[in-house]
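First up is the structure itself, then whatever we jot down about it.
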Amino acid sequence: MEKDKGKKLVEAITSMDVDFAQWYTDVVKKAELCDYSSVRGCMILRPYGYAIWENIQRYMDDEFKATGHENVYMPMFIPESLLQKEKDHVAGFAPEVAWVTHGGSEPLTERLCVRPTSETLFCEHFAKIVQSYKDLPKLYNQWCSVVRWEKTTRPFLRSLEFLWQEGHTIHATAEEAQAETIQMLDIYAKTCEEFLAIPVLKGKKTDKEKFAGAESTYTVESLMHDGKSLQCGTSHYFGDGFAQAFGIQYTDKEGKLQYVHETSWGVSTRIIGALIMVHGDDSGLVLPPKVAPIQLMIVPIATHKEGVIEKATELKNRMAKIVRTRMDISDKQPGWKFSEYEMKGVPLRLEVGPKDIEKNQVVLVRRDTREKTIVSMDDIETRVPQLLDEIHAALLAKARAAQEAKTCAATSVEELKEILDRQPGFVKAMWCGDQACEDKVKEVATATSRCIPFAQEKVADTCLCCGKPTNTLVVWGRAY
RNA sequence: CGGGGCGUGGCUCAGCUUGGUAGAGCACCUGGCUUGGGACCAGGGGGUCGCAGGUUCAAAUCCUGCCGCUCCGACCA
């Protein structure tokens with residue numbers, strides 16, 4: 001039935017059900033999100049990929065500012081002695097930091113690490129600038145890149161250098177710091193769901209999975225198309241541990257010296273990996289409208305016919321005032337353009353040709369469902385934004401349904417393993433709190449605890465591993 | 001770090017077994033024609049075959065080492 005021509009190029013993207021990992025790599029490359037560089041494990045963010053990051057940045061930055069945070073910039077180098085100050089922290093990061101040992105040809109008296117995260121730099125600075133309770137809180141954030149010398153890398157999911165934001169705040173009281181930790185986790189959840197259409201599971205990490213040096217770590221976890229989970233954002237409460245290690249003290253109203261309470265929180269370009277793996281399909285990327293660099297792509301048909309380009313340009317100028325609009329008037333075939341912008345995940349396409357112009361109409365085509373709607377040219381200003389909203393809602397609903405369909409419950413480690421082998425996803429199971437049991441789950445079922453969800457429920461009375469009575473529900477899975 | 005696969009114009013790959021002056025398709029450039037799901041015709045440009053050694057009269061091809069990419073595993077904010 002279908003014509004053979006052109007099929008070969010469409011097949012350039014491996015089907016997700018054949019080989020999900022290959023599909024992911026194909027999409028990243030074909031959609032021109034990033035490219036490999038000559039440095040192992042480091043990637044080049046191309047304009048289209050970077051534009052996605054800029055949109056995420058803009059959204060989150062507005063949220064940070066709206067909650068009273070200020071942006072700063074710290075150095076990219078950390079002296080070894082400074083990194084050593086908090087022992088859990090250094091133990092966690094030392095194995096994967098990159099070291100600078102020479103300045104020009106001169107050996108340095110103290111080697112410098114390239115920041116894997118900046119807690120130590122912020123702490124050192126906070127210790128200097130805080131004297132009184134009147135100096136608190138300090139609500140700082142920085143947008144930067146960090147370096148972690150990973151053994152294996154994948155575009156967006158794990159690279160030696162990656163872009164992120166790291167928030168670092170200090171507060172007079174533990175309560176205030178704890179509230180900050182949760183507030184930022186909520187902003188991350190909101191970013192995922194309302195901006196990226198990625199449903200998330202909010203919860204607390206077990207001690208085994210928490211951040212090096214943290215008292216508690218909170219996470220928003222999401223489920224990818226292949227059933228593996230990915231941490232989309234993380235928020236840590238440090239208590240006064242770092243404050244003690246770095247001497248961050250203030251004088252309270254009673255004139256007594258107190259340690260500050262600290263938090264940190266971060267989201268990285270890894271979230272773009274989630275975006276790809278949650279919404280993508282066999283034709284390529286599917287971008288939720290709010291984050292899409294191009295929201296509406298205008299494809300004029302039969303551009304050589306009189307009046308087509310003029311009309312398409314007029315429509316583009318009208319739409320560009322409302323949504324991020326592009327028009328392709330290159331002499332490629334329309335079919336080529338359709339495939340190209342589907343691969344790039346553009347949420348909505350507008351086709352306009354001689355027949356449409358005659359009838360004063362355009363054809364709107366949704367990327368997510370490929371549904372075509374014929375709309376009067378007079379109505380596009382209202383219909384396009386409406387459709388974009390519908391697409392966002394549909395993507396979120398679809399992803400939520402997929403997550404629910406892949407969420408099961410287990411009462412034993414064996415059952416958990418059996419479920420994950422059959423259908424990877426989230427598995428709810430009770431846990432006694434003992435790390436030995438958590439280790440056992442990893443050993444037997446090759447699954448890790450994703451989080452202790454805030455929304456607790458009871459799927460059994462006893463620990464899935466040791467059988468001791470417990471009321472704690474943990475969600476398990478296999479993670480990226 | 002362990003195991004598998006791969007490295008030849010921008011991309012996908014053939015050529016390697018059996019050594020003998022570098023190939024195809026796509027992409028790109030020029031012109032024509034076409035335009036509602038990846039067109040067609042003609043002409044054109046572009047590669048020290050991942051790197052370094054070795055064997056040989058001669059290496060993309062054989063040998064050794066290294067580097068990189070990729071997948072699986074281990075490790076890991």
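Values in this document were obtained by computation on a predicted structure and should not be read as measured data. Throughout, a chain's letter reflects where its sequence line sits, starting with A, and its residues are numbered from 1. Values below: every heavy atom of this structure, side chains too, minus hydrogens, waters and symmetry copies.
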Enumerate the protein-to-nucleotides 30-35 of chain B contacts in which both atoms are nitrogen or oxygen and the separation is below 3.5 Å.
| from | atom 1 | to | atom 2 | distance (Å) |
| --- | --- | --- | --- | --- |
| B:U34 | O2 | A:Gln333 | OE1 | 3.2 |
| B:U35 | O2' | A:Ala302 | N | 2.9 |
| B:U35 | O4 | A:His304 | ND1 | 2.9 |

Item to complete: Please report, rounded to the nearest Å, how far the P atom of B:C69 is from the CG atom of A:Leu157.
Response: 15 Å

Practice prompt. Check the distance between B:G4's P and A:Asp19's CG and give it to me in whole angstrom.
Written response: 19 Å

Practice prompt. Could you check A:Met319, A:Arg326, A:Met327 and say which one makes a side-chain contact (heavy atoms from CB on, under 4.5 Å) with A:Leu296?
Written response: A:Met319

Practice prompt. Tell me which nucleotide among B:C69, B:G36, B:G38 gets nearest to the side chain of A:Glu340.
Written response: B:G38

Worksheet item: Does NZ or CZ of A:Arg349 fall inside the cone over A:Phe338's six-membered ring, less than 6.0 Å from its centre and within 45° of the axis?
Response: yes

Response to the item:
Applying salt bridge (charged side-chain N to carboxylate O under 4.0 Å, His left out) to A:Asp207 and not counting sequence neighbours gives A:Lys210

Discussion item. Taking only side-chain N and O atoms of A:Arg154, does any of them lie within less than 4.0 angstrom of OP1 or OP2 on B:C71?
Written reply: yes

Worksheet item: Roughly how far apart, to the nearest Å, are B:G44 and B:A39 at atom P?
Response: 24 Å

Practice prompt. Please check the phosphate of B:U70 (OP1 and OP2 only) for any side-chain N or O of A:Tyr24 closer than 4.0 Å.
Written response: no

Item to complete: Please determine, for the side chain of A:Ala21, which listed nucleotide (B:G37, B:G36, B:C72) has the closest atom?
Response: B:C72

Worksheet item: Roughly how many Å is it from CZ in A:Arg478 to C1' in B:C75, rounded to a whole number?
Response: 17 Å

Fill in: Any A:Lys442 side-chain nitrogen or oxygen under 4.0 Å from OP1 or OP2 of B:C75
yes

Practice prompt. Using the P atom on both, measure B:C49 against B:G38 and round to a whole Å.
Written response: 39 Å

Worksheet entry | Rounded P spacing from B:G37 to B:G45 in Å | 35 Å

Worksheet entry | Rounded distance in Å between the P positions of B:A60 and B:G9 | 14 Å

Discussion item. Can you check the distance between B:C6 and B:C62, where both ends of the measurement are the P atom (answer in whole Å)?
Written reply: 13 Å

Worksheet item: When you compare B:C57 with B:G73, how far apart are their C1' atoms, in angstrom units rounded to a whole number?
Response: 48 Å

Item to complete: Would you indicate, yes or no, if B:C71 has its OP1 or OP2 atom less than 4.0 angstrom from a side-chain nitrogen or oxygen of A:Thr152?
Response: no

